[in-house]
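In what follows, a structure is listed as structure tokens, so that the remarks can point back to it.
The shown structure was predicted, so the numbers you read here are calculated from the model rather than taken from an experiment. Any value given below was found using the heavy atoms of this structure, including those in side chains, with hydrogens, waters and symmetry copies removed.
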Protein chains: 2
Amino acid sequence: MHEKQYRIGEFSKLVGLSAYTLRYYEDQDLILSQRDENGVRYYTAEDIRWIGFILHLKGTGMRLNELKRYVQLRAQGDGTIGERRAMLQKVKDDAEADIAELQMHLKVLSRKIDWYDGKTDHTIPDTESFHDYLQKFNK
Amino acid sequence: MHEKQYRIGEFSKLVGLSAYTLRYYEDQDLILSQRDENGVRYYTAEDIRWIGFILHLKGTGMRLNELKRYVQLRAQGDGTIGERRAMLQKVKDDAEADIAELQMHLKVLSRKIDWYDGKTDHTIPDTESFHDYLQKFNK
DNA sequence: AAACACCTTTGAGTGCACTCGAAGGCAAGG
DNA sequence: CCTTGCCTTCGAGTGCACTCAAAGGTGTTT
């Protein structure tokens with residue numbers, strides 16, 4: 001029993017990346033493809049999982065060249081697990097820092113929205129600037 | 001009593017944007033500057049607050065051209081508060097969606113780190129793939 | 001026979017937000 | 001007088017990750 005094989009067009013729809021991008025990723029050594037007797041690429045369920053995983057990494061802000069490094073380490077076997085773990089930990093820490101910053105910005109934005117609402121329904125005096133309003137939360 | 005005036009060099013350090021960027025933002029109509037009798041830009045505490053605010057907006061993912069639109073509306077007065085509020089709400093919703101997605105990716109990344117740890121200390125059998133391991137969380 | 005999906009290499013274009021340099025000029029301070 | 005810091009316009013360069021087109025090829029399907 002052999003798994004279903006997907007050619008690039010079908011696979012492209014499956015993983016949500018264009019055929020251009022898939023070839024580009026292969027060129028960048030992020031993914032591999034197998035070839036049939038005519039040199040036509042095909043992919044399997046395993047490749048779907050791999051792409052899925054690299055999309056998670058990308059989704060957390062990992063750059064293509066870091067990803068490439070990661071792939072190289074993976075190819076070198078279990079001896080590189082420590083280094084790979086460290087890479088992921090760093091990406092994770094960075095992403096968490098990004099989220100924290102984003103949330104900080106969002107807080108101000110939310111307060112601005114509240115301030116607009118206060119102006120509109122006159123629960124905030126006309127004379128109170130957003131800056132003044134914001135200050136109230138900082139003591 | 002008049003407020004302290006900052007020339008572009010000093011102001012640049014104060015707000016963390018290069019003089020190039022400040023001129024660029026002015027060019028893009030995101031900020032205004034006053035000029036002295038020689039045509040030299042100067043900024044005040046009010047400008048610090050304004051830049052601070054636009055950096056919050058940028059920080060939540062607002063693009064320069066949206067920001068520009070926002071600035072235009074602001075210049076048109078209180079009649080545009082509704083539209084401005086709506087813009088901010090959209091930016092907020094988008095940012096929250098981004099955070100949610102980021103957290104989803106982070107979850108997988110964290111599990112991969114745990115999986116590495118499990119492999120390293122042999123609490124996860126050698127035969128269990130990450131994919132198998134992940135599946136356990138989805139039932 | 002034509003249409004279709006794929007293959008190759010190569011190089012150019014896109015979008016965003018800067019970032020910088022050239023070239024020439026003004027004004028204040030040491 | 002010279003350096004520093006600012007001014008202008010204009011155009012080019014940067015980084016990232018695609019995205020696409022050209023030009024010519026192979027093999028399968030209708």
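Taking OH from A:Tyr6 and OG from A:Ser12, the interatomic distance works out to 13.5 Å, rounded to the nearest 0.5 Å. Here the OG1-CZ distance, from A:Thr120 to B:Arg85, works out to 8.0 Å after rounding to the nearest 0.5 Å. For the atom pair CG of B:Leu32 and CZ of B:Arg41, the computed distance is 11.0 Å after rounding to the nearest 0.5 Å. Here the NE2-CG distance, from B:His56 to A:Leu134, works out to 7.5 Å after rounding to the nearest 0.5 Å.
Between the CG atom of B:Leu22 and the P atom of D:dC7 there is a distance of 10 Å, rounded to whole Å. Atom OH of A:Tyr6 is separated from atom P of C:dA5 by 19 Å (rounded to the nearest Å). The nearest whole Å value for the distance from the CD atom in B:Gln5 to the P atom in D:dC6 is 14 Å. Per the geometry, CD belonging to A:Glu26 stands 18 Å off P belonging to D:dA17, to the nearest Å. Taking atom CD of residue B:Glu37 and atom P of nucleotide D:dC6, one finds them 15 Å apart after rounding to whole Å. Separating the CD atom of A:Glu66 from the C1' atom of D:dG15 is a distance of 14 Å, rounded to the nearest angstrom. Per the geometry, CG belonging to B:Leu64 stands 11 Å off P belonging to C:dT19, to the nearest Å. The nearest whole Å value for the distance from the CD atom in B:Gln28 to the P atom in C:dC18 is 9 Å.
Distances from the side chain of A:Asn38 to the nucleotides D:dT19, C:dG21, D:dT28 place D:dT28 closest. Distance from the side chain of A:Tyr20 is smallest to D:dA21 among D:dC16, D:dA21, D:dC6. Residue A:Val40 has its side chain nearest to C:dC6 when only D:dA17, C:dA17, C:dC6 are considered.
Contact check, A:Arg23 against C:dC7: a side-chain N or O comes under 4.0 Å of OP1 or OP2. Remark: A:Lys68 is not in phosphate contact with D:dC16, judged by side-chain N or O atoms under 4.0 Å from OP1 or OP2. Distances shown here put every side-chain N or O of A:Thr21 at or beyond 4.0 Å from the OP1 or OP2 atom of D:dA17. When the side-chain nitrogen and oxygen atoms of A:Lys13 are compared with OP1 and OP2 of C:dA5, none of them lie within a distance under 4.0 Å. Taking only side-chain nitrogens and oxygens, B:Arg7 never comes nearer than 4.0 Å to OP1 or OP2 of D:dG5. In terms of phosphate contacts, A:Arg35 brings a side-chain nitrogen or oxygen within less than 4.0 Å of OP1 or OP2 of C:dT8. For A:Arg41, no side-chain nitrogen or oxygen approaches OP1 or OP2 of C:dC6 to under 4.0 Å.
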Pair B:Asp27-B:Arg23, salt bridge (charged side-chain N to carboxylate O under 4.0 Å, His left out): steps then yes or no: CA-CA 6 Å; B:Asp27 208 59; B:Arg23 290 194 202 97; over 6 Å; no
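At a threshold of 4.0 angstrom between heavy atoms, the contacts of B:Tyr25 are confined to the sugar-phosphate backbone, with no base atom among them.
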